[in-house]
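For reference, the structure is listed below as structure tokens.
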Amino acid sequence: MRHKPRAGQERLGDELLVNVQRVGDDRAAHALLEAFFAGYPVDRLRVLLDSENESDVRIGAWIASELGEQVHQLVPALHGLLSHASRYVRFFALDAMLAAATPEFGSELGAGARLINDGDPAVRWKAANFLSDLSKPQLRAAAASVAAESRDEESVGWLGDMEDALDSRDVADRLHAPERAVRLV
């Protein structure tokens, strides 16, 4: 739940943000997260998400994943993190995207879905969970984005078109498909 910042709370949040950038440890990150929960403006998280310092970005991605739908306004910044060099950042950006991206962010959701083909097994696992946890409207938006950008990728579209009941033969066929992404989805 987001609270309205109290007097001095923004100053304290700013000090905590500077401390995270200077120290970058778990204690500083948790203190900053608590400040966001207490009403520190979420748009200030952009300082970490846009940083050139990997430690700052890692902490920012983790905090965004903890804040859930509160980071809705930062979805475009999270989108950029889905291609970050750090698997840690991509992993937590997927969590944040799942909670914050509504269907109008189809391109961003599609970028998350495409991580099913990521080179890192941990990120592929997270992307598979991301796909399984998307709401139907989010999934359809992701599928439309993926379809618009890649005619080869039908897996996400299949999920978006799927009804509540699965065709067991179709699922079995996909489990034996030669493409890794089709098997994963």
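These numbers come from a predicted model, not from an experiment.
For CD of Glu15, the number of neighbouring non-hydrogen atoms (other residues, nucleotides, ligands) closer than 6.0 Å is greater than 12. Arg87 CZ: 12 or fewer foreign heavy atoms inside a 6.0 Å radius.
Considering every non-hydrogen atom in both Pro137 and Pro103, the closest pair reads CB-CG, 3.5 Å. Residues Gly106 and Ser145 approach most closely at O-CB, 3.2 Å, considering heavy atoms. Contact between Leu78 and Ala93 at its shortest, heavy atoms only, is O-CB, 4.2 Å. Considering every non-hydrogen atom in both Asp50 and Ala77, the closest pair reads OD1-CB, 4.3 Å. In terms of heavy atoms, Ala100 sits closest to Val71 at CB-CG2, 3.6 Å. In terms of heavy atoms, Val42 sits closest to Gln70 at CG1-O, 3.6 Å.
The closest side-chain donor-acceptor pair between Ser65 and Asp95, if any, does not fall under 3.5 angstrom.
Between the side chain of Ser132 and the main chain of Asn129, a donor-acceptor pair closer than 3.5 Å is present. In this structure a side-chain-to-backbone donor-acceptor pair under 3.5 Å is missing from Arg90 to Ser83. In this structure, the side chain of Arg124 engages the main chain of Asp118 through a donor-acceptor pair within 3.5 Å. Under the 3.5 Å distance criterion, the side-chain polar atoms of Gln138 are matched with a main-chain donor or acceptor of Leu98.
Taken to the nearest 0.5 Å, the CG atom of Leu131 stands 11.0 Å off from the CZ atom of Arg114.
Ring centroid separation for the pair His72 and Phe105 comes in under the 6.0 Å cut-off.
Under a hydrophobic clustering in which Ile, Leu, Val, Met, Phe, Trp and Tyr are joined whenever their side-chain heavy atoms come within less than 4.5 Å, directly or via other members, Val18 and Leu16 fall into different clusters. In the hydrophobic cluster analysis, where Ile, Leu, Val, Met, Phe, Trp and Tyr join through side-chain heavy atoms closer than 4.5 angstrom, Tyr40 is grouped apart from Val23.
With Leu49 as the fixed residue, the side chain to side chain contact (heavy atoms under 4.5 Å, CB included) test singles out one of Ile63, Asp56, Leu74: Leu74.
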Could you give me the CA-CA distance, side-chain angles and deciding distance for Asp14 and Arg44, then say whether side chain to side chain contact (heavy atoms under 4.5 Å, CB included) is met? CA-CA 8 Å; Asp14 288 341; Arg44 303 274 175 85; 2.7 Å; yes
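Relative orientation of the Trp125 and Phe91 rings is parallel, given thresholds of 30° and 60° on the angle between their planes.
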